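Presented below is the structure to which this report refers.
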Amino acid sequence: SSSSGSNQRGSAPRSSRRGHQARRCADAVIISTGAIAKRLSFSGSSEGADGFWNGGISACAVCDGATPIFRNQPRVVIGGEDSAMEEARYIQGVEDHAAEKGVLGGLKDLKMYGLFFAIGHEPATKFLDGQLELDEDGYVVTKLGTTNTSVVGVFATGDVQDKSYRQAITASGTVV
């Protein structure tokens, strides 16, 4: 961009400054920071030597449920609503045996080899700090059928603006 602050097309570029950081200018900005799976916290659910995260506990049965570590082993999906049912049905479809449906209320000891959380996601939007319109759950609001946000020249794709589909591929296929 020229020293006058306009780009080749004559419109003002987007710019940002945080504290003492250098100013950044762009004609367009694409927000594609995704969403992070929510986790339950209990003894053994953490990462590291004392936990089973990514070593028996995961947030994606569709991604991890059919891997050799879990194959032909008892697995459980914790969650509710559609996403948990999708995960459980996927696990059921990978094996030749039927999955049990129901509530485990009061159960204290359940032997399993895999545990999958399906309790929702948190969009990675905290860094936006009120600069874009977000919905009540923190997802970037886009104009229906587009990637346009509340700020001209700023676009959002993938999990950061889409509650329905999960995983990185949604960013590339948000709008065709």
Side-chain angles (χ1 to χ4, degrees), residues 30-128 132-149 154-176:
I30 299 172
I31 308 294
S32 189
T33 51
I36 299 150
K38 293 179 182 177
R39 300 182 190 183
L40 295 175
S41 180
F42 53 85
S43 178
S45 68
S46 63
E47 298 178 53
D50 295 333
F52 292 99
W53 186 255
N54 287 332
I57 300 176
S58 168
C60 187
V62 173
C63 308
D64 303 327
T67 60
I69 188 176
F70 298 118
R71 195 166 293 137
N72 296 317
Q73 301 293 335
R75 291 154 296 174
V76 172
V77 175
I78 294 178
E81 301 186 14
D82 292 344
S83 61
M85 281 305 294
E86 286 175 26
E87 304 272 324
R89 284 186 178 149
Y90 176 79
I91 289 175
Q92 179 184 5
V94 192
E95 307 285 326
D96 289 333
H97 60 277
E100 290 184 33
K101 299 175 187 173
V103 177
L104 302 175
L107 190 61
K108 295 185 192 274
D109 188 17
L110 179 65
K111 302 219 183 285
M112 71 185 91
Y113 202 77
L115 176 62
F116 301 96
F117 297 151
I119 57 174
H121 290 78
E122 181 178 330
T125 55
K126 288 180 181 171
F127 74 99
L128 294 172
L132 291 177
E133 180 183 355
L134 306 178
D135 71 10
E136 65 278 357
D137 296 319
Y139 288 84
V140 175
V141 174
T142 55
K143 182 179 175 188
L144 187 62
T146 74
T147 58
N148 298 335
T149 69
V154 178
F155 307 91
T157 65
D159 294 357
V160 75
Q161 58 86 42
D162 188 332
K163 296 179 187 181
S164 301
Y165 299 99
R166 295 172 302 278
Q167 302 300 321
I169 196 60
T170 63
S172 66
T174 298
V175 175
V176 180

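Here the structure is a predicted model, which is why all the values come from computation and not from measurement.
Under the side-chain contact (heavy atoms from CB on, under 4.5 Å) criterion, L134 pairs with T125, L128, V140, sequence neighbours left out. A search for side-chain contact (heavy atoms from CB on, under 4.5 Å) contacts involving F52 returns I57, not counting sequence neighbours. Evaluation of the side chain to side chain donor-acceptor pair (under 3.5 Å) rule for N54 yields no partner, not counting sequence neighbours. In this structure, the side chain to side chain donor-acceptor pair (under 3.5 Å) partners of T142, at least two apart in sequence or on a different chain, are Q161. A search for side-chain contact (heavy atoms from CB on, under 4.5 Å) contacts involving K143 returns T146, N148, not counting sequence neighbours.
The ring of F70 has its center closer than 6.0 angstrom to the ring center of F116.
Atom CD1 of I30 has 12 or fewer heavy atoms from other residues, nucleotides or ligands within 6.0 Å.
The one candidate from V77, V76, L40 that meets the side chain to side chain contact (heavy atoms under 4.5 Å, CB included) condition with L115 is V76.
The backbone N or O of D137 sits less than 3.5 Å from a side-chain atom of D135, completing a donor-acceptor pair.
Applying the salt bridge (charged side-chain N to carboxylate O under 4.0 Å, His left out) test to pairs two or more places apart or on separate chains, those with a residue in residues 47-65 are R39-E47.
Rounded to the nearest 0.5 angstrom, I119 CD1 and E122 CD are separated by 11.0 Å. Taking CD1 of I31 as the start and OG1 of T157 as the end, the distance is 9.0 Å to the nearest 0.5 Å.
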